[in-house]
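Some notes on the structure that comes next.
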Amino acid sequence: MNGLVNANNLSVSYYGKEVVRNVSFSFKTGNLIGIIGPNGAGKSTLMKAVLGLVPRDSGRVEICGKPIKESQKNIAYVPQRSNIDWDFPILVRDTVLLGTYPKLGLFQKPRKSDKEWAYHCLEKVGMQNYSKTQIGELSGGQQQRVFLARALAQKASFFFLDEPFVGIDVASEKMIIDILQVLRDEGKTIFVVHHDLTKVKEYFDELILMNKELIESGPVQQVIRPELMTRAYKMDFHLLHKMGVEV
């Protein structure tokens, strides 16, 4: 799918306090885009505002020239693990099967082919041997793989992942980023809220750098310039460099 993802003047307030202020960006589809900034910068809120999961004070989002609401069935969202009820009694295979539901007709149950596709998505993330395990019994990395499998099951063109690498093992992180990069190579568009600045060059094509307002957006090298990083993190670049940030 060729086109643009455009956001114009997105603003969000919680209880009268502005947490995202007039953020605009535009990206070609088929890119892997990281959303970075310090803690409390509004990264997750921005993602939710783009998807219409929180009320916006202002702003508009379009995908390929159409309001994002018209693309909902073509969007997969993976929330932060901390926002998921891991005590809910559901098996891994059924969690992934939920990803097929947006494409089903009203009152239509998953078919055999849907169940086979869900199992294939589990295989893609290396979790097929856990299909009959309760989701709450998995490690953090395993849970994140399962939720990526659910997103894959949607056969979406646009993926939004909120802090997918927090609290997971190195092997799971590598598997997830490898899958996301393959999806990108297949023409999918992926937005990832991310916190580890040492990985941005390796992981992403484009970045959104923000601290409540937009600091910069564009190709990675354009965004991680010392003066912009210092402005966003309100920290001397030499300290950021010690944290592993390189330009």
Side-chain angles (χ1 to χ4, degrees), residues 1-7 25-35 43-44 46-54 60-81 83-84 90 92-106 108-111 113-128 135 143-165 172-173 175-194 203-206 208:
M1 179 183 290
N2 295 317
L4 296 172
V5 179
N6 287 316
F25 57 79
S26 181
F27 293 104
K28 289 182 179 179
T29 55
N31 278 301
L32 182 46
I33 302 145
I35 304 174
K43 303 184 294 295
S44 295
L46 175 66
M47 179 170 281
K48 291 175 183 176
V50 167
L51 295 172
L53 298 176
V54 296
R60 179 179 176 84
V61 181
E62 293 183 342
I63 291 181
C64 301
K66 297 180 180 179
I68 194 166
K69 280 187 176 180
E70 296 183 21
S71 299
Q72 292 294 352
K73 288 186 178 180
N74 210 17
I75 292 171
Y77 170 57
V78 180
Q80 287 185 22
R81 286 181 51 251
N83 292 339
I84 296 167
I90 186 169
V92 164
R93 66 183 183 190
D94 296 327
T95 301
V96 178
L97 192 59
L98 288 173
T100 68
Y101 279 54
K103 296 278 190 350
L104 296 178
L106 196 62
Q108 186 179 350
K109 292 183 177 181
R111 298 154 296 195
S113 60
D114 296 315
K115 294 176 181 178
E116 289 172 347
W117 170 245
Y119 187 80
H120 173 67
C121 292
L122 270 178
E123 287 182 319
K124 272 194 167 185
V125 300
M127 290 296 293
Q128 67 274 18
I135 190 79
Q143 289 170 343
Q144 199 66 49
R145 291 191 199 192
V146 170
F147 270 75
L148 177 57
R150 186 185 71 169
L152 295 173
Q154 288 185 233
K155 298 182 180 178
S157 294
F158 299 89
F159 292 79
F160 291 79
L161 297 90
D162 194 352
E163 296 273 22
F165 306 124
S172 291
E173 178 166 341
M175 174 172 279
I176 289 169
I177 194 61
D178 286 349
I179 290 171
L180 295 181
Q181 290 175 337
V182 168
L183 289 171
R184 182 269 320 276
D185 293 344
E186 292 173 351
K188 314 295 186 186
T189 306
I190 304 127
F191 287 82
V192 179
V193 173
H194 186 64
Y203 285 4
F204 302 113
D205 309 309
E206 311 261 358
I208 295 169

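- Taking NZ of Lys124 as the reference point, atom NE2 of His120 lies at 4.5 Å (rounded to 0.5 Å).
- In this model, a donor atom of one side chain and an acceptor atom of the other lie less than 3.5 Å apart for Tyr203 and Glu173.
- A pairwise comparison of heavy atoms in Ala156 and Asn74 identifies CB-O, 3.4 Å as the closest pair.
- Contact check for Leu161 versus Leu180: side-chain heavy atoms found under the 4.5 Å cut-off.
- Rounded to the nearest 0.5 angstrom, Gln154 CD and Leu98 CG are separated by 9.5 Å.
- A donor and an acceptor atom, one from each side chain of Arg145 and Ser172, are located under 3.5 Å apart.
- Taking every heavy atom of both residues into account, Asp162 and Lys48 meet most closely at OD2-CE, 4.5 Å.
- With hydrogens and angles ignored, the 3.5 Å screen pairs no side-chain donor or acceptor of Gln128 with any backbone N or O of Tyr119.
- Residues meeting the salt bridge (charged side-chain N to carboxylate O under 4.0 Å, His left out) test with Glu206, sequence neighbours left out: none.
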Practice task
Evaluate the criterion side chain to side chain contact (heavy atoms under 4.5 Å, CB included) for residue pair Ile68 and Glu62; output intermediate values, then yes/no.
Solution key: CA-CA 5 Å; Ile68 194 166; Glu62 293 183 342; over 6 Å; no

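- Minimum heavy-atom separation, Pro164 to Gln144: O-CG, 3.1 Å.
- Between Phe160 and Tyr77, the ring center distance fails the sub-6.0 Å criterion.
- At a threshold of 4.5 Å between non-hydrogen side-chain atoms, the residues Val146 and Val125 do not count as touching.
- Between Val5 and Phe191, the closest side-chain pair of non-hydrogen atoms falls below 4.5 Å.
- Residues Trp117 and Thr100 share a closest heavy-atom pair of CD1-CG2, 4.2 Å.
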Practice task
Could you walk me through whether Phe147 and Ile135 pass side chain to side chain contact (heavy atoms under 4.5 Å, CB included), step by step?
Solution key: CA-CA 10 Å; Phe147 270 75; Ile135 190 79; 4.2 Å; yes

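- Leu122 has its side chain within reach of Val92: a pair of non-hydrogen atoms, C-beta onward, lies under 4.5 Å apart.
- Looking at every heavy atom in both residues, Leu32 comes nearest to Gln181 through CD2-CG, 3.6 Å.
- Contact of the Ile63 side chain with the Phe158 side chain is registered, since non-hydrogen atoms from C-beta on lie closer than 4.5 Å.
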Practice task
Evaluate the criterion side chain to side chain contact (heavy atoms under 4.5 Å, CB included) for residue pair Ile75 and Phe159; output intermediate values, then yes/no.
Solution key: CA-CA 6 Å; Ile75 292 171; Phe159 292 79; over 6 Å; no

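- Salt-bridge check for Glu186 with Arg184: failed, with every basic side-chain N at 4.0 Å or more from each acidic carboxylate O.
- Taken from NZ in Lys115 to CG in Asp94, the straight-line distance is 8.5 Å, to the nearest 0.5 Å.
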Handout entry: Ser44 vs Glu163, side-chain hydrogen bond (donor to acceptor under 3.5 Å, both in side chains): CA-CA, chis, key distance, verdict
Key = CA-CA 8 Å; Ser44 295; Glu163 296 273 22; 5.5 Å; no

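- In terms of heavy atoms, Arg60 sits closest to Pro67 at NH2-CG, 3.7 Å.
- To the nearest 0.5 angstrom, Leu148 atom CG is 6.0 Å from Ile176 atom CD1.
- The CE atom of Met127 sits 9.5 Å away from the CE atom of Met175 when rounded to the nearest 0.5 Å.
- Atoms CD1 and CG, from Ile35 and Leu46 in turn, are 5.0 Å apart once rounded to the nearest 0.5 Å.
- Classification of the His194-Phe165 ring pair by plane angle, with boundaries at 30° and 60°, yields perpendicular.
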Exercise for the section: Please report the C-alpha distance between Ile33 and Val192 in whole Å, then the side-chain angles of each, then the deciding distance to 0.1 Å, and finally whether the side chain to side chain contact (heavy atoms under 4.5 Å, CB included) criterion is met. Expected result: CA-CA 6 Å; Ile33 302 145; Val192 179; over 6 Å; no

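- With sequence neighbours left out, Arg93 forms a salt bridge (charged side-chain N to carboxylate O under 4.0 Å, His left out) with no residue at all.
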